Structures are given as structure tokens and as C-alpha cells.
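All remarks here apply to the structure that follows.
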Number of protein chains: 2
Amino acid sequence: MKPTVHDIARCAGVSLATVDRVLNARPGVRGATRERVEQAIVTLGYVRDLAAANLAKGRTYRFAFILPANDNSFMIGLRREVEAAIARSSVERTQIEIIEVPAFDGGALVLALENVLARKPDGVALVAIDAPQVRAVAERLADAGVAVVTLVSDLGASGRHHYAGIDNIAAGRTAANLMGRFLSKVDGRVGLLAGSMLVRDHRERLEGFLSVLSEDFPQVAILPVIEARDDPALAETSIREALRRHVGLNGIYSLGAGNRGLIRALREVDAARRPVVIAHELTASTRKALADGVIDAVLNQDAGHEVRSAIRVLKAKADGLPVLAAQERIRIDIFLKDNLP
Amino acid sequence: MKPTVHDIARCAGVSLATVDRVLNARPGVRGATRERVEQAIVTLGYVRDLAAANLAKGRTYRFAFILPANDNSFMIGLRREVEAAIARSSVERTQIEIIEVPAFDGGALVLALENVLARKPDGVALVAIDAPQVRAVAERLADAGVAVVTLVSDLGASGRHHYAGIDNIAAGRTAANLMGRFLSKVDGRVGLLAGSMLVRDHRERLEGFLSVLSEDFPQVAILPVIEARDDPALAETSIREALRRHVGLNGIYSLGAGNRGLIRALREVDAARRPVVIAHELTASTRKALADGVIDAVLNQDAGHEVRSAIRVLKAKADGLPVLAAQERIRIDIFLKDNLP
DNA sequence: GAATTTCTGATTTACGTACCTCAAAAATTC
DNA sequence: GAATTTTTGAGGTACGTAAATCAGAAATTC
């Protein structure tokens, strides 16, 4: 039988009230007594029944999710997943608020975090921009006892308790490996389409991609990076132009979001002369492009998993519990046209 | 505020006892009254607080996991994950029993299932062999109110409530896609190494692989399938012989487990003349082979996720709750040497 | 050693649900 | 309409924990 607080009281020879004082770090227990109780807890192997404790406390976890007001499919999907979590909130004892901030705007993010700090929720999840000011506010939040989890894009280990997202260096390296092997011609020329170098995820993908390409596929030439701010229209014109200018362009790695424009530009090219294309995030448009053979591979992060994982971690941090690292690792999904879910 | 049983009682104008009778399907309530209560439940949007209910009931979920007594790394890892779940059982209100049966032995599996049926647990998870007799016992279990979940290898939709494993046809198709694209030579010859055609997962991988290869890469020739019963020693000699006999062999798809033997045989070949190799399950040996360039890609299913998912689903089924399909989808991980976790 | 402060024990209520008993009310049967 | 059965109400206890009160015991201070 699982030991309860009563068993501890009996084992330590103290009353229930004293056990409660020790367990909940309330004052009014002498050091010697406290140790006796802690000893009893260890010897009996007591673990607090979280369900019963939350019931007694009537606890609800208050969390804030700060999301960029981007209108690309991935961010829309991410928001939808947070909304789905809100719909489950009565069952999960959570109370989640979504805060939208302009995309790629460090100042706005800092302001939003400061507003959150004033309300002192149990935890915050944010799609980070890894600027020093952002990190500073994040640290103040952590100091104030608020659990901080970065989502999708990271902040560096110092600024947060946990990162719920993929390893973007590995993603870039994987893209390069696939690109190198899919390019049958040895004299490949590869173009790169990014969102913004302000966010860490894009920078890391680029870094990983370049390092593997130069190490393992030195014969492949790399063209200058095009930054399109995850904007479909901008991406479309840039790619169309690049395709026209660089006639030997036979590979494109799109490491950001907003692939609708890229795909539109690609569809204008003859199937036989289309470059090998690797993109990120499985959305309606990338899925269709993959099925049609316009895109060759999609690296994906599952927004639903990220949101659910972030909530689990926020809860654990709020309760001072450890997180199961293996369970919370967000994986890089690789989709070819044959393993579309 | 979340409505409680008290709110229902007040809203329906009945006593708490009557609400309880309706909620727990106890007899002694007139049809008209029952309807009034059900109406109140709907209008108030009541959802039973599972934590409180389980606390009151002192409930523990009794589950049985039937695993093949295979000694390949994947099955050992799977068992370890179930043991990890057992270690969490006091927190998760579960009581899990592991039952080992000889591998690839339908009769033994049937016997084990019948023993389980006699004890009537809340749920069973099994690595299935999809024989008619196995399906028949599984159906009897389901009829007896036991939740049945297949793990890793499926049984066909009729025999179980849920399948916690990857889509093996898609896995085979994916392997073929990668194989076709990785083989730079157009006149490839591909060898196939399987465990046993008795289990559905191996059959389905083979089916998917062959169909994509013949559709999209018709120039690739396929050699007869080698069945090695997931036995490393058997695999080693078979592959060594195949490599000697078929000098033009430049691709191998290992769709079963027990890759240690395959890898040993491969290491004897000159790096320059090694075939493109795609295998299943990330273990210590396949991981090392991947890092060393002996294997080119590994398709993996995360045993930890499968076990945790199976438990979540068994709980949901035991409580008559729906499962979140998106959350429980087990994904095909594709590992290259650049995205090893 | 008296006064004060600090600990500790005993007891109670509460969270939301399950499950039990007993009596009263209502409906049904004869 | 009396006897019977069925339905309903009222109330309690329990699960494991949190949080509170209040009295008394022990330690500390002067």
C-alpha cells in the first residue's frame, strides 16, 4: 500500500499537523523534529498524491503563451494547438492566456514579458527572440518564481528553464545531408531561403546546413542567403528571380516558414528542370507540394507536441518536479511523399 | 467555475444520491427523472473530475503487457520502457504485469492471452502475431470488457481497440524512397533482410518497400528476401554470403531487428564498396554504424513513446474516454548520422 | 522560576466524487 | 384502498491532502 501522511505521522511519532508543516515548508517546526519527519518520508518512500493535493488546494495552473502575430501556416497551427489546450483546460486544471506580439520584434516581446511579470502567473511559454534584453526579462521572470519555457525558437540555456522545440542545428545538418545525397549532379549549386537571422532557430539551421555541406559535400556551391521574413509574397518574387538568374540552380533549402510563395514560384518551372527542394514545416501547401513532387523533403516539428510538452514542463516546474527528458524531446520529423501522415 | 455534482442536483431539482445513481448507472431511477438529470448535465456542461473520482474509488488500473522473449536490442529496450512505467506505477495509479512469451509463436501467445482473460485486468497490451486464433482470443478479451492495445506489430482493426505502433507500410515506402535516391548508380541491385513473415510489421514493410521501388525506381533489381528470424548470428552468415555471391549488390534494406550480425558482416567490406544500407530501430549498434558511415539511414520507432501511449490509451479505454488521435500517433523517426539524438 | 516565545498535537473543514444506509414518498399491483 | 414495489431524499463516511484554529507542552529569555 502507498504510504500516506498518516503513515508518516505514525512512523515519525508526530502529529498530522507537523507532517503537514514539514511537507509544505510552513514554519513552526524545530530542526530535530523536521529531520525525524524527513527521515520517515525517506524510509517509507512517501510520494505526495498530486491529484489529491491539487483537489484539496483547488489549484489551477496559470500560464501565459506569448506567440508572434505571424500569419504563416505554422504559426497559425501553433496558435490553434494552444487554443486546443485551452479547450481542455477544465480537465487539466490550467488557465492559459494567449498574448500576441508583432513578429521579429524584440522590443514588443520585452514589453509583453514585463506585462506578464506584473501578473505573476505560474509559468510563461514564449517563441523567443534571443536578444540580450529579452534574456534579461526572462531571467527576472525566473527569479520571480515564474517557470519559463521557450517554444520553437530558443533563448540560450541561461534565460529559461526548458526549451520545447527541435534541435535546429541538427535539422540544418540533416537537410544538408539529404540535399547532398539527393543532388545526383556533382556540380550542384544550392540556394538558401530564410526568414530572419534575428531568430535563433533560423540561424542555427543555416549553421548546421553550411557545416555539413562544406564537410561532406564540398563540390556543392552555395549562393547568398535570401531573407524573406517568412513572407510568402516576398519569397515568391525572390525565388522567381533567383531561378531566372542562376540557371544552374539545382537545390533550394528553405529554412524558414512562409513556403507558399516558394512553392508558387517552383510550380512555374518545368518538372524536369526543377531543383531539389527541402523545406520546413508540414502545412497544407508543403504537403501538397510534397505529394506533387514539387518539394522533395519536409523537415517538421509537431506543434501539437510542442505545446503539450510545454504545458507538461510548465506544470512540473510549477510543482518543483523533475521532467522526463526522453518524453519531452521534440523530434525532427522528416517527411517524404511516402510517409505523409 | 466548473460545475459539480451538487450543481447538477440543484439544477435538476433532485438529490445528490439521484445524480450519483444516474452518473454511475446504478438502478433505481425513473426514466423521466434520469432524463432531467442528463439534461442538467448537458446544459451545465458537467465533466466528471477524474482525479477526484479515482481518489474516491481508490482506483488502480490493472494492465498486462505481453512481450516476446526476444533478445534483440529493440525488444530489450521495449521491456525496459515497460519496467520504467512500472516504476512510475504508484504515481500513475497503475499496476502493470509483464508476461513473456516465446517469439514468433502464435500458440504461446494465445495461451498467454487466455491466462490474462481469466484474471480480467482492465487492459492488455501485446506485440501481436496476426493469426486468426490470436485475433479470436483478443476479441473474447474485448467482449469481456478488457481494453486491448497492440504494440509494435498489429492484429488488424477487428481484433483490438487501438494500435500503438508505426505505419509499417509507410515505413517500407519511405525506406524505398531513400534507397532509390541514395543509389546513385541506375542499375542498383537491392537485397532484403527480414525477421519473419509471420508478423504483420515485417510483411507490411516489405510490401511498402517493393511497391515504391517498382513504381518509382523500376531500374533497381530486387534479390530474394532473406529471413533471419531477428537472429544476429543467422543474419551475419546470410549477409556475408549474399555479399560474396552478388558482387553487384549495392543496396540492403534490413526491415527486421537483430542488426548486430548485419553490421558485423558489413564492416568486413571495404568502405568504398559498401552498399547503401537502410535498417530499422536505433540501438547502440545501429547508432554506432550510422555514425561510422556503415549504415546510411535508420528508421526508428520510439519504444518509450509507444509504451507511454499504450498506457494512456488503455486508461482512456478503461474509463470509456475518447483518445486524442493526434497525440497517440506513433511517428516514423528517420535518423541520418546528422540528427542522432 | 516566572514570563515569554516557540513548537507541537488534536481536531475540524474542505476539495469533488463514490458508495452506503435508512426512511419517506410515490407509483404500482391486487 | 390496502399492500407492495419502486423511486427518491437525506445523511453519512471515505479517499489523501491542504489549511486553519486553539490549547497545551516545551524551550528560551530575563
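Residue numbers begin at 1 in each chain, while the letters A, B, ... track the order of the sequences. Computed over heavy atoms, backbone and side chain alike; hydrogens, waters and symmetry mates excluded. Please read these numbers as outputs of a predicted model, since none were measured by experiment.
Taking for each of Pro3(A) and Arg34(B) the nucleotide of DNA chain D with the nearest heavy atom, the 5'-most of the two is the partner of Arg34(B). Between Ala56(B) and Asn24(A), the residue whose closest nucleotide on DNA chain D is further toward the 5' end is Ala56(B).
With distances taken from any side-chain atom of Leu55(B) to the nucleotides dC19(C), dG16(C), dT17(C), the minimum falls on dG16(C). Of the candidates dG16(C), dA18(C), dG16(D), the closest approach to any side-chain atom of Ala52(B) belongs to dG16(C).
Between Arg26(A) atom CZ and dA18(D) atom C1' the separation is 6 Å, expressed in whole Å. As a whole-Å value, the separation of Asp20(B) CG from dG16(C) P is 16 Å. Between the CG atom of Leu16(B) and the P atom of dA18(C) there is a distance of 10 Å, rounded to whole Å. In this structure, Arg21(B) atom CZ and dT6(D) atom C1' are separated by 11 Å, rounded to whole Å. Protein atom CZ of Arg93(A) is 12 Å distant from nucleotide atom C1' of dT17(D), rounded to whole Å. When rounded to the nearest whole Å, the span between CG of Asp319(A) and P of dT17(D) equals 14 Å. In this structure, NE2 of His6(A) is placed 12 Å from C1' of dA10(C), rounded to the nearest angstrom. Rounded to an integer number of Å, the gap from CG of Leu50(B) to P of dG16(D) is 17 Å.
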For nucleotides 25-30 of chain D, which of its nitrogen or oxygen atoms have a protein nitrogen or oxygen under 3.5 Å away, and what is each distance?
none

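The pair Arg10(A)-Asp7(A) counts as a salt bridge, with a side-chain nitrogen and a carboxylate oxygen less than 4.0 angstrom apart. With respect to Asp122(A) and Lys315(A), no salt bridge is recorded, no charged nitrogen being found less than 4.0 Å from a carboxylate O. For the pair Arg59(A) and Asp319(A), the salt-bridge criterion is met [side-chain N within less than 4.0 Å of a carboxylate O]. Under the 4.0 Å criterion applied to side-chain N and carboxylate O atoms, Glu139(A) and Arg160(A) are not assigned as salt-bridge partners.
For Arg93(A), the salt bridge (Lys or Arg N to Asp or Glu O under 4.0 Å) test picks out Asp49(B), with sequence neighbours left out.
Side-chain N/O atoms of Thr18(A) include one lying less than 4.0 angstrom from OP1 or OP2 on dG9(C). In this structure, Arg59(B) does not reach the dA18(C) phosphate: none of its side-chain N or O atoms is under 4.0 Å from OP1 or OP2.
Considering Arg312(B), His162(B), His305(B) in turn, Arg312(B) is the only one that fulfils the side-chain hydrogen bond (donor to acceptor under 3.5 Å, both in side chains) rule with Glu328(B).
In this structure, Gly58(B) reaches neither bases nor backbone, as no heavy-atom distance under 4.0 Å exists between it and the strands shown. Across all strands, Ala17(B) comes closer than 4.0 Å to base atoms (heavy-atom distances). Here Gly31(B) lies out of heavy-atom contact (under 4.0 Å) with every strand.
The stretch residues 76-85 of chain B participates, sequence neighbours left out, in these side-chain hydrogen bond (donor to acceptor under 3.5 Å, both in side chains) pairs: Arg79(B)-Glu100(B).
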